[in-house]
Amino acid sequence: MTIAVSSLHFSYGSAEILKGLDAEFLPGINGILGPNGAGKSTFAKCMAGVLRPASGNIQFECEGDVPSVSYLSQDPVQIRNLSVLEYVLLGRADELGLRVTGEDIDSAYRPLEKLGIADLAGKDIWGLSGGQRQMAAIAQCLVSEPEFVILDEPTNNLDLRRELDIFQIMRAECDSRGITCVMILHDLNFASRFSDRITVLHQGEVYSSGTPAETVTEDMLRTVYGVESEVTINSKGIPNVEPIRSVSPFSNNIG
């Protein structure tokens, strides 16, 4: 199950955001990195079908005729007056009948249990903390057991333990079901540790793609992020980034 993207263009009015992207995402965890404004969220929305690109092609290759795709936006949950269980069930709305069955309820509890938040099932979604709502949104993405999962900054509002939970759960889902997971991430070290492959975006184009060791480099961090860093590779081939100083043009104007 792969996603093949070719010559993808997207603009908001006269502002060109995506400038002919070519990328491939394979089964496993695919991290997308890049600074603010690089086009990451727009790219995710195009892949998820939320936005229609001006030109280019996005091909989902899977066993069936219609790919099963779940998408998590970086925007917070806005729905009110639903329990967490009801909210999660919306993730399999296409499969629900006129009445919610016991099987439907069981299917909604499974991702809640995996994420360790089954105790929240009866609570109002809007009454939860930002981190709890984020976990519920991820459960909604997983409830239909999709072939493709696109997560835009899934660790927003989460503490360290919950961040690790998300990566470990997505690793288990990828390994057990062979799904293709695309994650937009900001934490370079988390991305390096948990991603099988990384695609780096810069000014609406793909700057580099490959393994974490191939993509998370000192040259990339200087060019793409405007940061001078020290990058070391551990015995498992995983990069670790230690930022040193900004090398952006603005840094010379600071006191």
Side-chain angles (χ1 to χ4, degrees), residues 1 3 23 25-36 38-51 67-79 84 87-88 90-92 108 110-118 120 125-126 128-201 212 215-216 238 241:
M1 293 182 285
I3 308 173
F25 302 108
L26 305 176
I29 295 179
N30 299 264
I32 297 183
L33 297 177
N36 294 336
K40 303 184 300 298
S41 290
T42 299
F43 186 26
K45 288 177 180 177
C46 288
M47 285 192 289
V50 176
L51 295 176
S68 173
V69 183
S70 285
Y71 166 63
L72 174 71
S73 169
Q74 66 172 319
D75 300 321
V77 175
Q78 299 292 342
I79 295 177
V84 170
Y87 173 74
V88 172
L90 290 177
R92 51 174 293 164
R110 280 194 288 271
L112 291 173
E113 289 167 350
K114 286 180 182 179
L115 292 162
I117 57 170
L120 301 178
I125 186 72
W126 196 250
L128 303 182
S129 68
Q132 289 172 327
R133 287 199 296 272
Q134 185 76 350
M135 296 293 281
I138 293 169
Q140 188 189 78
C141 281
L142 297 177
V143 69
S144 63
E145 297 188 342
E147 299 164 299
F148 302 93
V149 180
I150 301 169
L151 305 176
D152 191 349
E153 299 185 28
T155 58
N156 273 357
N157 301 312
L158 300 183
D159 59 28
L160 180 59
R161 176 196 162 193
R162 291 303 191 183
E163 286 183 328
L164 289 169
D165 285 344
I166 295 306
F167 284 113
Q168 289 166 187
I169 288 165
M170 293 315 303
R171 166 55 59 205
E173 291 289 305
C174 290
D175 290 347
S176 64
R177 299 200 295 111
I179 71 172
T180 298
C181 176
V182 179
M183 285 193 191
I184 294 176
L185 300 166
H186 272 299
D187 191 308
L188 300 172
N189 289 322
F190 267 113
S192 296
R193 178 178 174 186
F194 290 100
S195 299
D196 299 302
R197 290 159 298 278
I198 287 175
T199 298
V200 180
L201 299 190
T215 53
V216 181
I238 299 172
V241 177

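Computed from a predicted model, the values in this text were never measured in an experiment. By convention here, the first residue in the shown sequence is residue 1.
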Nearest heavy-atom pair of [X] and [Y]: which atoms, and what distance?
X      : Y      : result
Val182 : Ile3   : CG2-CD1, 4.1 Å
Pro111 : Leu142 : CB-CB, 4.1 Å
Leu33  : Ala191 : CD2-CB, 3.7 Å
Gly28  : Asn30  : O-ND2, 3.3 Å
Ala44  : Ile184 : CB-CD1, 3.7 Å
Leu112 : Ala139 : CD2-CB, 3.9 Å

Quiz item: What is the ring orientation for Phe25 with Phe43, classed by angle as parallel under 30°, tilted 30 to 60°, or perpendicular over 60°?
Solution: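 Correct class here is tilted.
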Exercise. May I ask you to decide if Leu26's main-chain N or O and Arg197's side chain share a donor-acceptor pair within less than 3.5 Å?
Key: yes
Self-check item: Glu113 (side chain) donor-acceptor with Arg110 (main chain) under 3.5 angstrom
Solution: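 Flag not set: sc Glu113 to bb Arg110 has no pair under 3.5 Å.
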Rounded at 0.5 Å granularity, tell me how far [atom1] in [X] sits from [atom2] in [Y].
X      : Y      : atom1 : atom2 : result
Phe148 : Ser68  : CZ    : OG    : 9.0 Å
Ser195 : Met170 : OG    : CE    : 11.5 Å
Glu163 : Leu158 : CD    : CG    : 6.5 Å

Quiz item: So, Ser41 versus Gln74: side-chain donor-acceptor pair below 3.5 Å or not?
Solution: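 Side chains of Ser41 and Gln74: pair found under 3.5 Å.
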N-O pairing of [X] and [Y] below 4.0 Å:
X      : Y      : result
Asp165 : Arg162 : yes
Asp196 : Arg171 : yes
Glu145 : Arg92  : no

Quiz item: Please walk me through it: do Arg177 and Glu147 pass salt bridge (Lys or Arg N to Asp or Glu O under 4.0 Å)?
Solution: CA-CA 8 Å; Arg177 299 200 295 111; Glu147 299 164 299; over 6 Å; no
